[in-house]
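Notes to accompany the following structure.
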Amino acid sequence: MDSKESVDETEAELDSNRDAHSSLKHQLLGPSLTKAGQDAVDQRKVGYSIRQHQYILPKETRETEGQQVSEIIYNASKGSKFFNHEEARDRSLTSKIERILSLKARLEKVDLTTELRRADEYIAELEHERDLSQTVVHIDCDAFFAAVEELDRPDLKTVPMAVGRGVITTCNYHARKFGCRSGMAAFVAKKLCPHLICLPQNFDKYNAKAREIRAILADYDPRFESASIDEAYLNLTAYCAENNLGPEEAVHRMRAEVLEKTKLTVSAGIGANAKIAKIASNRNKPNGQFRVLNDRASIMTFMGDLPVRKVNGIGRVFERELDAVGIKTCGDIYRYRSMLTKLFGEKAFQFLIHAYLGLGRTRIQPAEEYERKSVGTESTFSETGDRQQIRDKLRWAAEELEKDLSRTQFRGRTLVLKVKLHTFEVLTRQTVPPRAVHLAHDLYTFALPMLVKLEKELPDMKIRLLGLRCTNLLSTKRTGNNFFNLNPSLTHSQPIEWRPVERDPDPEQEFEQAARQERQDDMNELEILSQELSLDSESLDPTKDDTEGDSSPRHIDTSNQSWDCPICRRPYPSEDKSFNAHVDFCLSQQKIKELVKRSSLEPLPVKSQSRKRKISSNIKGLTTNSRQKRGYFH
DNA sequence: GCGGATCAC
DNA sequence: TATGGTGATCCGC
């Protein structure tokens, strides 16, 4: 073990000394070059593409490409503000790595048997709970945006093409051969590939296509999980059992059906959990699938020589830190298990051990069942130090955010202002307004002091981006469990259909979740009520002149029979404890009549909670651009 | 709880 | 000439 480590150290040292700019060049290559499939796989796929589309690129050219790509990117970027910022980040990471290495050197001299035992106990515990009973599939559309564009423009199939104007979001496989990658500035991509065709993105089109695909996936697992616009997880355990099919056959069938009905190719990974499925889906991309068998040995072998960078959650930075320590593959993790906590923290330790063991979640559920934590908007513009212009940007952000909050039915207890300086440095400031906010005027007014403070701290502040985000959300949704909907007549006219029991992996947990949700809904409703009835805060309210009626409590339905509050006339179940408190509160308000007048403008229709609706919203997927990106453990 | 940083797509 | 937007999580303080 000792000799191994010292070898790794020497390699790491060589790496960092070889070229002062090598790590920076690596950074500049962008996240996707290192993330996407191994070189060998890519090379093979180039051959595939050539056969498929008769697009010939001489082999020699391709091989020198790898050398040239980083040079071209480096030269295109050199001297820019963006480049300088990247350089600064690179320097700070390098010094962070130095600290990590000196800590590692100290740790090698001390007795770590306690830590070693703790790590081994943790591993044994996880091993004991390993679940190999499920068949999880990750579906990933191949070059999704580009592929959808090619459906409308078949002529683009044979030439390098990318989607995205300023920054490339997706490019087809011809463009990738030139080194073009998602996340790359378009002008850099054009340097790599002068003939590159850049199309503007058309999200409506991609969403429509994604819905078609999801409709197919739903037949294989009605509780499939949209992970993003072009990715999904399915649990095929039940489907395979019911149809007496092996996982490979089932996935083949599914992919063939998607191709036939949508003319789009998808790649798939099959494994015992989401993490393995996700990694496996990249193995035979594009238009391929790969399965890791559900036995411990297969999984350990698969993970053993897997570069850590392939694991979801390990990005460029963590990759470099791990590499410096001597961890290049998931198999390397084991050797350092006793010092991982001290080097990287407890969460990272647990995460890495999970990666080493090939463990991941087996619970797949519709994305909508994940609780949203924030709603925000931001936009980039040509840099400006003009205070009025910046206020206009803030106003615009506030208006955009109001729309998003209205669409998602949330308010924010906390408001976050984000700016990116002309140097690309990012700053955020947050505040807790006197009440949850959702109106543009409020958002603007409570964000402005943060901006003013920043302008005082940085008198010459020039910014290139401004954003607003609400966190600590307050839901204004009424779910089926909400007490306002427990009215018997309502339940009768719109019965709730329960999901089939056999699809329910953990009824107890589901029940607890439902109960928790119900309590949360009640709390939310009460909080909203108290906020809206709280005229005390109106002295603080900068939007008292609001005439849109939007701030009135329309979200409370008044069209159904129930027990209305005699003061504000809103429905309330009489048995609810808070009813009396509510009436007392109403009575104590002097300006209540004014409020009632506003609140009676128009009631909002009650939403149906039928299963049909649930599934259709699952197919519809995530709302615009919303990503369900989960951290180390989900 | 706040602000910075990292990560995914 | 020029390097995105949305959302989540973790860490140090």
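Chain letters run A, B, ... following the sequence lines, proteins first, then strands; residues in each count from 1. Quantities reported herein were computed from a predicted structural model and do not represent experimental measurements.
- Of the candidate nucleotides B:dC7, C:dT6, C:dT3, C:dT3 has the atom lying nearest to any side-chain atom of A:S77.
- With the nearest nucleotide of DNA chain B identified for both A:V432 and A:V317, A:V432 has the one nearer the 5' end.
- Between the side chains of A:R363 and A:Q365, at least one donor N or O sits under 3.5 Å from an acceptor N or O.
- Here the side chain of A:T428 is nearest to one of B:dC9, B:dG3, C:dT3, namely B:dG3.
- Residue-level contact check: A:R165 touches neither bases nor backbone, having no heavy atom under 4.0 Å from any strand.
- Contact annotation for A:T377: backbone-only contact, meaning every heavy-atom pair under 4.0 Å involves sugar-phosphate atoms and none involves a base.
- With B:dG3, C:dT3, C:dA8 as the choices, the nucleotide that has an atom nearest any side-chain atom of A:K373 turns out to be C:dA8.
- Proximity of A:R372 to the phosphate of C:dG7: a side-chain N or O atom is located under 4.0 Å from OP1 or OP2.
- Rounded to a whole Å, the OH atom of A:Y233 is 11 Å from the C1' atom of B:dC9.
- Taking atom NZ on A:K96 and atom P on C:dG12, their separation rounds to 9 Å, with Å as the unit.
- To the nearest angstrom, P of B:dT6 lies 11 Å from OH of A:Y632.
- A close approach under 4.0 Å does occur between a side-chain nitrogen or oxygen of A:K278 and OP1 or OP2 of B:dC9.
- Residue A:E383 contributes atom CD, which lies 15 Å from atom P of C:dT1 at whole-angstrom precision.
- Here the CD atom belonging to A:E231 is positioned 8.5 Å from the SG atom belonging to A:C141, to the nearest 0.5 angstrom.
- Nucleotides of DNA chain C nearest to A:L465 and A:K191 differ in position, and the one nearer the 5' end is that of A:K191.
- Between atom CZ of residue A:R395 and atom CG of residue A:L448 there is a gap of 9.0 Å, rounded to the nearest 0.5 Å.
- Listed for the A:R464 side chain is no donor-acceptor partner under 3.5 Å among the backbone atoms of A:F381.
- Side-chain proximity of A:F82 to B:dG3, C:dT3, C:dG7: nearest is C:dT3.
- The residue A:F83 sits apart from the nucleic acid: no heavy atom pair falls under 4.0 Å.
- Taking only side-chain atoms of A:S374, from C-beta outward, the nucleotide of B:dC9, C:dA8, C:dC10 with the closest atom is C:dA8.
- Residue A:D230 places its side chain closer to B:dC9 than to any other of B:dG4, C:dG7, B:dC9.
- Looking at A:S80, its side chain has no donor and acceptor atom pair within 3.5 Å of the base of C:dT1.
- At a threshold of 4.0 angstrom between heavy atoms, the contacts of A:G166 with the nucleic acid are absent.
- Distance CZ (A:F349) to P (C:dC11): 13 Å, rounded to an integer number of Å.
- Nearest nucleotide to the side chain of A:R469, out of B:dC7, C:dT6, C:dT3: C:dT6.
- In this structure, A:L458 atom CG and B:dG3 atom P are separated by 14 Å, rounded to whole Å.
- Note that the CD1 atom of A:I333 and the CZ atom of A:F351 stand 8.0 Å from one another [nearest 0.5 Å].
- For A:K420 and A:E378, the salt-bridge test fails: no basic side-chain N is under 4.0 Å from an acidic carboxylate O.
- For A:T380, whose side chain is taken as the heavy atoms from C-beta onward, the closest listed nucleotide among B:dC9, C:dG5, C:dC10 is C:dG5.
- Among C:dG4, C:dC10, B:dC9, the nucleotide with an atom closest to any side-chain atom of A:V167 is C:dG4.
- Comparing A:K347 and A:S379 against DNA chain C, the residue whose closest nucleotide sits nearer the 5' end is A:S379.
- More than 12 heavy atoms of other shown residues, nucleotides or ligands fall within 6.0 angstrom of atom NZ in A:K81.
- Among B:dC7, C:dT3, C:dG5, the nucleotide with an atom closest to any side-chain atom of A:E378 is C:dG5.
- Taking atom CD of residue A:E371 and atom P of nucleotide C:dG7, one finds them 14 Å apart after rounding to whole Å.
- The CZ-P distance, from A:R464 to C:dT1, rounds to 15 Å in whole Å.
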